[in-house]
Number of protein chains: 2
Amino acid sequence: MATIHDVAARAGVSAATVSRVFAGSGVSQDKVRVVLAAAEEMGYTPNRTARALRLQTSTVIALIVVDIENPFFTSLARGVEDVTRAAGYSLVLCNSDDDPVREGSYLDVAVSERMAGVILVPTSDRCDLSRLADRRTAIVTVDRALHSHPVDAVVVDNVAGGRSATARLYERGASRVACITGPRDADTAELRSAGWRQEFRRFSPTADPDAYLEHADYRVDGGRAAMARLLDAAEPPDAVFVANNLMAVGALAELRSRGLAPPSFGMAAYGDLPYMPLGPSGVDVIPMPTRLIGATAATVLLERIKGSADPLRTVVLRNESD
Amino acid sequence: MATIHDVAARAGVSAATVSRVFAGSGVSQDKVRVVLAAAEEMGYTPNRTARALRLQTSTVIALIVVDIENPFFTSLARGVEDVTRAAGYSLVLCNSDDDPVREGSYLDVAVSERMAGVILVPTSDRCDLSRLADRRTAIVTVDRALHSHPVDAVVVDNVAGGRSATARLYERGASRVACITGPRDADTAELRSAGWRQEFRRFSPTADPDAYLEHADYRVDGGRAAMARLLDAAEPPDAVFVANNLMAVGALAELRSRGLAPPSFGMAAYGDLPYMPLGPSGVDVIPMPTRLIGATAATVLLERIKGSADPLRTVVLRNESD
DNA sequence: TCGACCCCCGAAATCGATTTCAGATGCTCC
DNA sequence: GGAGCATCTGAAATCGATTTCGGGGGTCGA
């Protein structure tokens, strides 16, 4: 591999001049030409590792999601990659599986590689960002906000989404709308069920909300089990708001296995169900602007990397159908 | 950030000794203890950039897929990431969108970053790997093999899969099975349709295969349009083998829009349809061991990175249901 | 003609780790 | 006690780019 010194020797100039040619400043036209010609002939590609060492920062960004196989995160990742690639950055993909230990080791790698920034779906509110902060590495959280450590965040209006999904089910004639939400320590789960609770109180004032609220784990099987518990109750609901896409898939499977199905049994889901073209399912969907969330997070991150000192901000995107 | 010299100073040894402690060789117990203590106190994290520069190789691997939003590649990526993470490598995600230019610029970055290896879904047979080869960067192709430039590859038996899917449709009573395959320059498209052709000749000896073969672009809309063309023909088929998952989604949508649907109109698809639990669709699926393909490719790549000089190999995985 | 100034350019230091080479130390065995 | 050997340690070179600092040469105005 040709180095900057090889090119310099061939062009009859110093390495400093070659470096300046590529940085684009303060070199006479003559030398620019001869250097570019030499670089071309030798197939010179600057060594980004050396550059990163000298500059103390690389052009690599980490994206830490729960699981890339969840279509929500897939689409998010695509939005992030589109923006970072256009800006000349590489994207490192990390699956935390919601495990704080895994998340921590990915964060360590980000520090160790001197990455320029991190886009993070935090596993919990108490994830340790001190190492990143020491190095002033740019951080943006997505989907979930982080209260313990103030950073930029890009989220959706979960309460509004939960409210509108629930209201829609009541408007379509449901008399009692249950809710399947995520784990107690996930703030999205709490917010979405809070939105549901507001509408439930309004439309079913005599019923006890807690009897119609199930917590599950944001996964298919959890959604299915929660749906089963709701249906087995003494006074089962006639509609359900499910707080994420995977649990909705599970809930739908449970309903179908019992001969129930939307729209006769009402169902609304937070986030697109994957590949709905496969069949009109009668499920009311609160679509999330997933690619946009990713692209926005990447844009905010890149601004921080460029040195923006604006105050921290939380970007709240509206769900497309609110 | 503490450097190796800071730790050395604190421990009262030289940087060389600290380096050896972490490399794990030839240091007395006393010094090992004092060095580890010092490193711990100072929160020392080795700088991977410096390490990569010195060693002329990093612990980063590039994964270049067509589009991470296609569930086939998503699952593949997950398989790759599981294996590379366990081995201490980071994974850079690249979407080529089947564009050779994009692919080329990702390959340039891989060289420029001195990445340890590349796992590639090649956009075409004439993609330029010479730069990688110059640096002896390890390469494995997945899904599609590369004939122009011999490298390790992990693929599935596309002909067998096409054959078994087609045969199954005939066995279920279809009298004429059409085929929607991918672009002409994709070898998977040719192989899968070749499998279909064999069975078509056997079961429909009097019909012209070319009248029942459609080429599309491996995308949803292309599949839908191809299905429409088949149905609008003078003698439409009564079943169809679709060569990838996205086109199957499109074809299914077209069928449903015309009041047709599996299983009365037979359909078999190569590769899992995403989230089939959403409903029994009557589609015959040739499941692909997607995660395993990714994991296998990663394993082969890691062996090459470690220096294996075994002859090149093409791993052919069987489809799960063959 | 001389100073002031600007523009180009190269030598050398720098980033933080690894590794070679050579020196120091301690041990065994005659 | 001393030769021979193994073990441990540190100084210094190295990887390839960037950037500071200063020198050389040209222009301009007085």
Side-chain angles (χ1 to χ4, degrees), chain A residues 1-36 38-39 42-60 88 108-109 111-116 134-137, chain B residues 1-36 38-39 42-60 88 108-109 111-116 134-137:
Chain A
M1 291 292 307
T3 73
I4 200 170
H5 290 97
D6 301 333
V7 174
R10 174 135 184 172
V13 301
S14 75
T17 300
V18 178
S19 175
R20 280 190 276 251
V21 166
F22 284 95
S25 77
V27 180
S28 65
Q29 283 303 313
D30 296 1
K31 307 238 166 184
V32 167
R33 259 192 303 277
V34 64
V35 165
L36 289 180
M42 311 184 73
Y44 169 66
T45 311
N47 183 324
R48 293 194 185 203
T49 304
R51 182 163 205 277
L53 176 60
R54 178 60 227 247
L55 299 182
Q56 291 293 296
T57 181
S58 66
T59 54
V60 176
D108 286 345
V109 171
V111 172
S112 191
E113 295 268 8
R114 304 299 189 265
M115 292 187 189
D134 289 351
R135 250 191 53 75
R136 319 185 144 284
T137 304
Chain B
M1 291 290 308
T3 73
I4 200 171
H5 290 98
D6 301 334
V7 175
R10 176 138 184 168
V13 301
S14 76
T17 299
V18 178
S19 175
R20 278 190 278 253
V21 166
F22 284 95
S25 77
V27 180
S28 65
Q29 283 303 313
D30 294 2
K31 306 235 166 186
V32 168
R33 259 193 303 278
V34 63
V35 165
L36 288 180
M42 309 182 74
Y44 169 66
T45 311
N47 183 324
R48 294 196 184 202
T49 303
R51 183 164 204 277
L53 177 61
R54 179 61 227 248
L55 299 182
Q56 291 292 297
T57 182
S58 66
T59 53
V60 176
D108 286 346
V109 172
V111 172
S112 190
E113 294 268 9
R114 303 299 190 265
M115 293 188 188
D134 289 351
R135 251 190 54 76
R136 321 184 143 283
T137 304

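A note on names: the letters A, B, ... follow the listed sequences, proteins ahead of strands, and every chain is numbered from 1.
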For C/dC8 and A/Thr17 - does any side-chain N or O of the residue sit under 4.0 Å from the phosphate oxygens OP1/OP2? no
Nucleotide-resolved protein contact map, nucleotides 11-17 of chain C, B/S/- at heavy-atom distance under 4.0 Å: B-BBBBB
Would you say A/Thr49's side chain and B/Ala52's backbone share a donor-acceptor pair under 3.5 angstrom? no
Output all residues satisfying salt bridge (charged side-chain N to carboxylate O under 4.0 Å, His left out) with B/Arg10, sequence neighbours left out; order by chain, then residue number. B/Glu41
Using a cut-off of 4.0 Å on non-hydrogen atoms, how would the nucleic acid contact of B/Val27 be classed: base, sugar-phosphate, or nothing? sugar-phosphate
Once you apply a heavy-atom cut-off of 4.0 Å, does A/Val18 come out as touching a base, just sugar-phosphate, or nothing? nothing
d(A/Asp6 CG, A/Met42 CE) to nearest 0.5 Å is 5.0 Å
Shortest non-hydrogen contact between A/Ala15 and A/Ala8, atoms and distance: N-CB, 3.5 Å
Would you please say whether a donor-acceptor pair under 3.5 Å links the side chains of A/Arg48 and B/Ser112? yes
